[in-house]
Enquirer: 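So that we are looking at the same thing, I have put the structure below in structure tokens.
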Amino acid sequence: MSLAIASPLPRLRRARPGLGTLVEIGVDADDAARAQRGIAAAFAEIAAVHRLMSFHERDSDLARLNRARPGELVAVDRRTAAVLRAAEAFRIESDGAFNAGVATALIRIGALPPIGASEAPLARDDGAPTPSSARVAVRRGDLPLDLGGIAKGYAVDRAIAVLRAHGVEGALVDAGGDLRHFGNRAATIGLRDPADPVRLLASIDLRDAALASSATSSLDGRRPTSLPSALLDGRSRRSLAPDAGASVMAPSCMTADALTKIILATDDREHPMLGRHGATLVLHRPPERVAA
């Protein structure tokens, strides 16, 4: 629902498909070779996050967790563990408005494929976690998880961290409307109308912050369709009403990503979590009709 538009920031720009969208990285660096290395490493990090947390990849950490038996310890990457902890913290703080345990409902409306049966027993991790891994215990009664509500934002945050580590002086990472910027020169971001994505409602200058946008209307290309929204109220696990949208600016893209879902589920433009997380609601369009 957001769009990076003309800005003096990117001196070097690259785009690749990833995270179910087109990911674009623009960097501001005097050293072109260093910038190229940073961009390549950032794309590699985004691809790693996708492999770890994709619902669709059979061997992802998330898929293995969703196939695991109650009580089983499943070895996962520490990045996956970090996102799982964040998802649970957002669920608790939002009283369930944000909820990663909605995969069954998303499967039911066709937004996710069915969970396939495991063809072989899962390998157990009986040793101590390594520096790059952790172990997650699956509790009895846990619902299948989908991390789509925050994993994309986390991937953007990780890409920014990698670019900083490579000495890039400024950058904008845009993953289909989930963005994060750092550097001295702001990036101008256009905000789309949730009910008419070809129409720009406003633009903002983004500097040293993240911006995430979510809209409840399913899209066919760039036009809304009559399909049920893949955005659900985590409390009822029902699709949210169409034509609504929210854009949130926050210190991290994962936080902004989660907060857009919470604002849409609660329809509360002054939700206390905004202030607690140093976030700002920059666009809010409430639903015009109630979901059936």
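All heavy atoms count here, side chains included; hydrogens, waters and symmetry mates do not.
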Enquirer: Search all heavy atoms of Arg64 against all heavy atoms of Ala75 and return the closest pair with its distance.
Expert: NH2-O, 2.6 Å
Enquirer: Please name the pair of heavy atoms, one in Ile46 and one in Ala155, separated by the smallest distance, quoted to 0.1 Å.
Expert: CG1-O, 3.9 Å
Enquirer: What distance separates Thr80 OG1 from Arg85 CZ, expressed to the nearest 0.5 Å?
Expert: 10.5 Å
Enquirer: Could you list the residues that satisfy side chain to side chain donor-acceptor pair (under 3.5 Å) with His271, not counting sequence neighbours?
Expert: none
Enquirer: When hydrophobic residues are tied together by side-chain contacts of less than 4.5 Å, even through go-betweens, does Val83 share a cluster with Val162?
Expert: no
Enquirer: Short question: side chain of His181, backbone of Leu172 - any donor-acceptor pair under 3.5 Å?
Expert: no
Enquirer: Less than 4.0 angstrom from a charged side-chain N to a carboxylate O is my criterion; do Asp193 and Arg285 meet it?
Expert: yes
Enquirer: Mind checking what makes salt bridge (Lys or Arg N to Asp or Glu O under 4.0 Å) contact with Arg158, not counting sequence neighbours?
Expert: Glu45
Enquirer: Of the non-hydrogen atoms in Gly177 and Asp174, which two are nearest, and what is the gap between them?
Expert: N-OD1, 3.0 Å
Enquirer: With a 4.0 Å cut-off, would you call Glu24 and Arg16 a salt bridge?
Expert: no
Enquirer: Looking at side-chain heavy atoms only, is the closest gap between Asp61 and Met53 below 4.5 Å?
Expert: no
Enquirer: For Asp157, give me all partners under side chain to side chain donor-acceptor pair (under 3.5 Å), at least two apart in sequence or on another chain.
Expert: Arg180
Enquirer: Please round to the nearest 0.5 Å and tell me the distance separating atom CG of Asn66 and atom CG of Leu112.
Expert: 9.5 Å
Enquirer: Could you give all pairs that pass the ring pair (Phe, Tyr, Trp, His ring centres under 6.0 Å) test and reach residues 49-77, with sequence neighbours left out?
Expert: none
Enquirer: Between the side chains of Glu72 and Arg69, is the shortest nitrogen-to-carboxylate-oxygen separation below 4.0 Å, so that they form an ion pair?
Expert: yes
Enquirer: Give a yes or no answer on whether the side chain of Asp233 reaches the backbone of Ala97 with a donor-acceptor pair at less than 3.5 Å.
Expert: no
Enquirer: For Arg14, enumerate each residue passing the side-chain contact (heavy atoms from CB on, under 4.5 Å) test, keeping only those at least two apart in sequence or located in another chain.
Expert: Leu12, Gln36, Ile39, Phe43
Enquirer: Looking only at heavy atoms, what is the nearest atom pair of Leu147 and Ala100, with distance?
Expert: CD2-CB, 4.1 Å
Enquirer: Who are the side chain to side chain donor-acceptor pair (under 3.5 Å) partners of Asp146, not counting sequence neighbours?
Expert: none
Enquirer: Any side-chain heavy atom of Ser214 sitting closer than 4.5 Å to one from Leu231?
Expert: yes
Enquirer: Only pairs at least two apart or in different chains count here, so list each salt bridge (charged side-chain N to carboxylate O under 4.0 Å, His left out) that has a residue in residues 247-257.
Expert: Asp257-Lys261
Enquirer: In the structure I gave you, are the side-chain heavy atoms of Ser239 and Ile109 within less than 4.5 Å of one another anywhere?
Expert: yes
Enquirer: Does some side-chain heavy atom of Val156 sit less than 4.5 Å from a side-chain heavy atom of Leu179?
Expert: no
Enquirer: For the residue pair Lys152 and Leu19, establish whether any side-chain heavy-atom pair is separated by less than 4.5 Å.
Expert: yes
Enquirer: Can you name the nearest heavy-atom pair linking Gly26 to Arg13, along with the distance?
Expert: CA-CG, 4.0 Å
Enquirer: Taking side-chain contact (heavy atoms from CB on, under 4.5 Å) as the definition, give me every residue that meets it alongside Thr104, ordered by chain and number, with sequence neighbours left out.
Expert: Arg108, Pro144
Enquirer: Using modelled atom types and a 3.5 Å cut-off, is there a donor and acceptor pairing between side-chain atoms of Asp28 and backbone atoms of Gly170?
Expert: no
Enquirer: Kindly indicate, with the supporting measurements, whether the criterion side chain to side chain contact (heavy atoms under 4.5 Å, CB included) is fulfilled by Val76 and Leu65.
Expert: CA-CA 9 Å; Val76 301; Leu65 283 168; 4.1 Å; yes
Enquirer: For residues Thr216 and Ser229, is any side-chain donor paired with an opposing acceptor at under 3.5 Å?
Expert: no
Enquirer: Please check: side-chain N/O of Arg67 versus main-chain N/O of Arg58, any donor-acceptor pairing under 3.5 Å?
Expert: yes
Enquirer: Please tell me if the side chains of Leu201 and Arg192 come closer than 4.5 Å, counting only heavy atoms from C-beta onward.
Expert: no
Enquirer: Is any side-chain heavy atom of Ser60 closer than 4.5 Å to a side-chain heavy atom of Leu52?
Expert: no
Enquirer: Test Ile204 against Leu211 for side chain to side chain contact (heavy atoms under 4.5 Å, CB included), laying out the working first.
Expert: CA-CA 10 Å; Ile204 64 169; Leu211 176 74; 4.0 Å; yes
Enquirer: Output all residues satisfying salt bridge (Lys or Arg N to Asp or Glu O under 4.0 Å) with Arg37, sequence neighbours left out; order by chain, then residue number.
Expert: none
Enquirer: Please determine whether side chain to side chain donor-acceptor pair (under 3.5 Å) holds for the pair His284 and Glu270, giving the CA-CA distance in whole Å, both sets of side-chain angles, and the decisive distance to 0.1 Å.
Expert: CA-CA 10 Å; His284 178 235; Glu270 298 180 355; over 6 Å; no
Enquirer: What orientation do Phe90 and Phe98 show, parallel under 30°, tilted 30 to 60°, or perpendicular over 60°?
Expert: perpendicular
Enquirer: Do the side chains of Ile25 and Leu163 get nearer than 4.5 Å, heavy atoms only?
Expert: yes
Enquirer: Please list, chain by chain and in numerical order, all residues satisfying side chain to side chain donor-acceptor pair (under 3.5 Å) with Ser54, sequence neighbours excluded.
Expert: none
Enquirer: Quick one, Leu62 with Leu145, criterion side chain to side chain contact (heavy atoms under 4.5 Å, CB included). Give me CA distance, side-chain angles, the key distance, then yes/no.
Expert: CA-CA 7 Å; Leu62 183 64; Leu145 301 174; 3.8 Å; yes
Enquirer: Nearest 0.5 Å please: distance from the CD1 atom of Ile262 over to the CZ atom of Arg91.
Expert: 12.0 Å
Enquirer: For Ala279, give me all partners under side-chain contact (heavy atoms from CB on, under 4.5 Å), at least two apart in sequence or on another chain.
Expert: Val248, Ala250, Leu259, Leu274
Enquirer: What is the minimum heavy-atom distance between Pro17 and Leu22, and which atoms define it?
Expert: N-CD1, 3.8 Å
Enquirer: Residues in side-chain contact (heavy atoms from CB on, under 4.5 Å) with Ala48, at least two apart?
Expert: Arg51, Arg79
Enquirer: What do the steps show when you test Ser94 against Met273 for side chain to side chain contact (heavy atoms under 4.5 Å, CB included), and what is the final call?
Expert: CA-CA 8 Å; Ser94 69; Met273 286 183 67; 3.8 Å; yes
